[in-house]
Student: 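Here you go, one structure.
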Amino acid sequence: MSEAAATPPASLDFIREMIAADLAAGRNDGKVVTRFPPEPNGYLHIGHAKSICLNFGIAQENAPNSRCHLRFDDTNPTKEEVEYVDSIKADVQWLGFDWGDHLFFASDYFEKLYGFAEQLITKGLAYVDDQTQEEMRASRGTLTSPGTRSPYADRSVEENLDLFRRMRQGEFKEGEKVLRAKIDMASVNMHMRDPALYRILRAHHHRTGDAWCIYPMYDYAHPLSDALEGITHSLCTLEFEIHRPLYEWLINNVDGLPGAPYQREFARLNLTYTVMSKRKLLRLVKEDLVNGWDDPRMPTISGMRRRGITASAIRSFCKTIGLTKFNSLTEIALLEHSIREDLNKISHRAYGVLRPIKVVITNYPEDQVEYFDAPNHPEDPEAGTRQVPLCRELYIESDDFMEFPSDGFHRLKPGGEVRLKFAFCIICQEVIKDAEGNILELRCTYDDATRHGKKPEGRTKPKGIIHWVSARHAIDAPVRLYDRLFTVETPDADAGEDGDFTKFLNPASCETITNAKLEPSLKDAAPGSHWQFERVAYVYADPIDSKPGAPVFNRTVTLKDGWVKK
RNA sequence: UGCCUCAUGGUGUAAUGGUAACACAGCAGAUUCUGAAUCUGUCAUUCAAGGUUCGAGUCCUUGUGAGGCAACCA
């Protein structure tokens, strides 16, 4: 399979416990069959990753007798597109999971599903209703009062069969008739008040084309599809909890099903500073509030990938957040921790100065160039080293200089000393400004005795160590500094019922720096490579916008900054 | 004003009737040619009230709070 870790979490969550109990009881011939069942009506997001890691993870943990299916729940052709099918497949694979031969579509079962519907009609458990949508809503009752059965509910089996067949033949208009299960109009569970099973939809389906004009509802197709595939454990999010009795009703009332799956529900993921519903994400895309589904600020899998977040980080995050029925709000910091943890291991280091100030080393020969050896990874000698050129004029980070330093600032200040990492120490002798008082350059002197980390006798070691780039050798590259998409933790909730969550969009969520100065080795950064600009951030060479010799970087996440200005 | 589900540090989770623990975040220190990483320490938790029990985060009752449910969406 993939490199995705097949080890379960240290302690079992309630779902895995349930599965372990089933296994211990010898149910399902010792097999566990799960499924990830997205509707192809949008791109996958980090919340789906939780479900993917759960379903595919459980299958891996119980190998080799177990498997996880990828099934597209494509029962509503008005919302679904092949673009989404393709992106979902790519995202699941990228996350490191493999469905093998088990790729399915609910639409593959349309004929069988139709047959089961005729069976229910024959058993007197389903009927064709002629009521309008409004009439149905009115007769369904309310949360506190029972509904009343449709006047059409008592049609004979023969009439129902005839009507249902004619629905399929296309004799009726959209909305004219629906097939309903005959269950209980007085149930406290609204979903049991004769739910619709089939509706007429004259829409082109991305797979079945115009072969059908009636389409099964989710509540009908889902349990039956699960059963047809031999799914043992149907795991979904909490909002489907109330659908469970209907799920079980169908499994129990349809004869000839090869399996008897059961459904269990877990809480969906909520993350601070973002929105997670497909509807809202779709709106951000359609209204051009972001640059498409894979905008690096999006919580989509494709957006996160483009930002430079690794599949391994996402898997690790999913393991960290656990699995419960508690409706929680996870701090984005937890995700960031997983990202940094992974990126720290795999990213080579390089110097990138985002907001440069020029430094002139006045006692360094004008025409001299020398190369310093810099390790590519401080914790991995095998990553090798690279040569970083230095000459008389350099760029340093403007944050690394303070003319009027606050307490505890130990980078460069007038009269102060810092080490240029892997080179030598410099002392700031003079601050050159223009007429408006803007700093133009810093004139410094270097101390030859401090090369390569050496500290002359009797001298105190400067606390500050900063990165730098040779002005003569620097390359310019765009660096996009991504930040949280929203300014508030819960844009959803804060917007309220009818409120507009887009008013909380963070105007500073993407700042593109065009004049970043990078060390020359970065010129050849491969598109799709991860780097750490030392002391600054983890960045990712954008796989689409980077061109040979002209990389474009996305800031994936900043480094933690332990220094707080006093 | 019904039914269902849930409630453990700031956040996410663990503890399966027997010492409330882990991670993140925060704080402090050590270390460091990244104010990163690493290491050490530290702060901080069972929604409330009753009950059962030798013993309750766990079981029961009531209350409170949060989420969900009345598409021919999924």
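All values below were derived from every heavy atom in this structure, side-chain atoms included, with hydrogens, water molecules and symmetry-related copies excluded. Chain letters run A, B, ... following the sequence lines, proteins first, then strands; residues in each count from 1.
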Student: Decide yes or no, distance alone: a donor-acceptor N/O pair under 3.5 angstrom between the base of U34(B) and the side-chain of Gln532(A).
Tutor: yes

Student: Just the rounded figure in Å: distance from C1' of U38(B) to CG of Asp380(A).
Tutor: 15 Å

Student: Counting Watson-Crick and G-U wobble pairs with both distances under 3.5 Å, what is the dot-bracket string for RNA chain B, 5' to 3', using [ ] for crossing pairs and | for pairs to another strand?
Tutor: .((((((..((((....[..)))).(((((.......)))))....(((((..]....))))))))))).....

Student: Please measure how far the C1' atom in A20(B) lies from the corresponding atom in G57(B), and state the result in whole Å.
Tutor: 8 Å

Student: Need one value for Arg349(A): base, sugar-phosphate or nothing, where a base atom within 4.0 Å counts as base even if backbone is also close, heavy atoms only.
Tutor: base

Student: Would you confirm whether the ring centroid of Phe116(A) sits within less than 6.0 angstrom of the ring centroid of Tyr109(A)?
Tutor: no

Student: Between side-chain atoms of residues 48-55 of chain A and protein atoms elsewhere (two or more places apart, or another chain), which donor-acceptor pairs fall under 3.5 Å?
Tutor:
| unit_1 | atom_1 | unit_2 | atom_2 | d |
| --- | --- | --- | --- | --- |
| His48(A) | ND1 | His45(A) | N | 2.9 |
| Lys50(A) | NZ | Ala267(A) | O | 2.7 |
| Ser51(A) | OG | Asn55(A) | ND2 | 3.3 |
| Asn55(A) | ND2 | Arg35(A) | O | 3.4 |
| Asn55(A) | ND2 | Ser51(A) | O | 3.0 |

Student: Assign Gln133(A) to base, sugar-phosphate, or nothing according to its heavy-atom contacts below 4.0 angstrom with the strands shown.
Tutor: base

Student: Using a cut-off of 4.0 Å on non-hydrogen atoms, how would the nucleic acid contact of Pro37(A) be classed: base, sugar-phosphate, or nothing?
Tutor: nothing

Student: Between G35(B), U5(B), A74(B), which nucleotide gets closest to the side-chain atoms of Met217(A)?
Tutor: A74(B)

Student: Can you find a side chain N or O atom of Arg535(A) that sits less than 4.0 Å from OP1 or OP2 on G35(B)?
Tutor: yes

Student: Need one value for Pro216(A): base, sugar-phosphate or nothing, where a base atom within 4.0 Å counts as base even if backbone is also close, heavy atoms only.
Tutor: sugar-phosphate

Student: If you look at every strand shown and take non-hydrogen atoms under 4.0 Å, does Thr324(A) touch a base, only sugar-phosphate, or nothing?
Tutor: sugar-phosphate

Student: Between G35(B), A74(B), U5(B), spot the one nearest the side chain of Glu241(A), thanks.
Tutor: U5(B)

Student: Indicate, with a heavy-atom threshold strictly under 4.0 Å, whether Tyr198(A) touches base, sugar-phosphate, or nothing.
Tutor: nothing

Student: Can you confirm whether the side chains of Asp448(A) and Tyr446(A) place a donor and an acceptor under 3.5 Å from each other?
Tutor: yes

Student: Parallel, tilted or perpendicular: which describes the rings of Phe110(A) and His205(A), with under 30° parallel and over 60° perpendicular?
Tutor: perpendicular

Student: Base, sugar-phosphate, or nothing for His222(A), non-hydrogen atoms under 4.0 angstrom?
Tutor: nothing

Student: Between the base of A74(B) and the side chain of His243(A), is there a donor and acceptor pair under 3.5 angstrom?
Tutor: yes

Student: Expressed as a whole number of Å, how far does the C1' atom of A21(B) sit from that of A15(B)?
Tutor: 7 Å

Student: Hey, do the aromatic rings of Phe164(A) and Tyr114(A) have their centres closer than 6.0 Å?
Tutor: yes

Student: Is any side-chain N or O of Arg411(A) under 3.5 Å from a base N or O of G35(B), one able to act as donor and the other as acceptor?
Tutor: yes

Student: Keeping to residues at least two apart or across chains, list the salt bridge (Lys or Arg N to Asp or Glu O under 4.0 Å) pairs with something in residues 341-357 of chain A.
Tutor: Arg355(A)-Glu511(A)

Student: Any base atoms under 4.0 Å from Gln131(A), or only sugar-phosphate, or nothing? Heavy atoms, all strands.
Tutor: base

Student: Just jot down the ring-ring contact (aromatic ring centres under 6.0 Å, His included) partners of Tyr273(A), sequence neighbours excluded, or say none.
Tutor: none

Student: Is the glycosidic angle of A71(B) within 90° of 0, making it syn, or outside that range, making it anti?
Tutor: syn

Student: Any side chain to side chain donor-acceptor pair (under 3.5 Å) pairs touching residues 187-196 of chain A, not counting sequence neighbours?
Tutor: Tyr127(A)-Asp194(A), Arg149(A)-Asp194(A)

Student: Phe72(A): what forms a ring-ring contact (aromatic ring centres under 6.0 Å, His included) with it, not counting sequence neighbours?
Tutor: Phe105(A)

Student: G18(B) and A56(B): how far apart are their P atoms, nearest whole angstrom?
Tutor: 11 Å

Student: Starting at NZ of Lys325(A) and ending at P of U8(B), how long is that distance when rounded to a whole Å?
Tutor: 15 Å

Student: Scan His467(A) against the nucleic acid and name what it touches under 4.0 Å (heavy atoms): base, sugar-phosphate only, or nothing.
Tutor: nothing

Student: Expressed in angstrom and rounded to an integer, what is the separation of Arg451(A) atom CZ from C33(B) atom C1'?
Tutor: 15 Å

Student: Output one line per pair: protein atom, nucleotide atom from nucleotides 22-30 of chain B, and distance, for all N/O pairs under 3.5 Å.
Tutor:
| unit_1 | atom_1 | unit_2 | atom_2 | d |
| --- | --- | --- | --- | --- |
| A25(B) | OP1 | Lys560(A) | NZ | 3.4 |

Student: Across the strands shown, which category fits Phe422(A) at heavy-atom distances under 4.0 angstrom: base, sugar-phosphate, nothing?
Tutor: base

Student: Can you work out whether Thr450(A) or Val178(A) has the more 5'-proximal nearest nucleotide on RNA chain B?
Tutor: Thr450(A)

Student: How many whole angstroms separate atom CG of Asp219(A) from atom P of A74(B)?
Tutor: 8 Å

Student: Whole angstrom is fine here: how far is it from OH in Tyr273(A) over to C1' in U11(B)?
Tutor: 12 Å

Student: On a whole-Å scale, what distance lies between the P atoms belonging to C4(B) and G12(B)?
Tutor: 26 Å

Student: Listed in order of residue number, which residues of residues 263-271 of chain A have a non-hydrogen atom at under 4.0 Å from RNA chain B?
Tutor: none

Student: Between Ser150(A) and Tyr152(A), is there a donor-acceptor pair closer than 3.5 Å when you use the side chain of the first and the backbone of the second?
Tutor: yes

Student: Once salt bridge (Lys or Arg N to Asp or Glu O under 4.0 Å) is applied, do any residues pair with Glu397(A), and if so which ones, sequence neighbours excluded?
Tutor: none

Student: Would you kindly give the CZ-to-C1' distance between Phe14(A) and A14(B), to the nearest whole Å?
Tutor: 15 Å

Student: Over 60° means perpendicular and under 30° means parallel, so classify the ring planes of Trp531(A) and His348(A), tilted if in between.
Tutor: perpendicular

Student: With the criterion being N/O to N/O and under 3.5 Å, what pairs connect the protein with nucleotides 1-3 of chain B, and how long is each?
Tutor:
| unit_1 | atom_1 | unit_2 | atom_2 | d |
| --- | --- | --- | --- | --- |
| G2(B) | N3 | Leu143(A) | O | 3.3 |

Student: Which whole-number value in Å describes the distance from Phe326(A) CZ to U46(B) C1'?
Tutor: 13 Å

Student: Need one value for Ser328(A): base, sugar-phosphate or nothing, where a base atom within 4.0 Å counts as base even if backbone is also close, heavy atoms only.
Tutor: sugar-phosphate

Student: Sequence neighbours excluded, which residues qualify as side-chain hydrogen bond (donor to acceptor under 3.5 Å, both in side chains) partners of Thr330(A)?
Tutor: none

Student: With sequence neighbours excluded, what pairs up with Asp561(A) under the side-chain hydrogen bond (donor to acceptor under 3.5 Å, both in side chains) test?
Tutor: none

Student: What do you reckon, are the aromatic ring centroids of Phe533(A) and Tyr351(A) less than 6.0 Å apart?
Tutor: no

Student: Measure CD/Glu174(A) against P/C72(B) and give the value in whole Å, please.
Tutor: 14 Å

Student: Could you check whether Lys461(A) gets within reach of a base, just the sugar-phosphate, or nothing at all, counting any heavy atom under 4.0 Å?
Tutor: sugar-phosphate

Student: Look at all strands and tell whether Leu201(A) reaches a base, only sugar-phosphate, or nothing, counting heavy atoms closer than 4.0 Å.
Tutor: nothing

Student: Could you tell me whether Ser338(A) contacts a base, only the sugar-phosphate backbone, or nothing, with contacts defined as non-hydrogen atoms closer than 4.0 Å?
Tutor: nothing

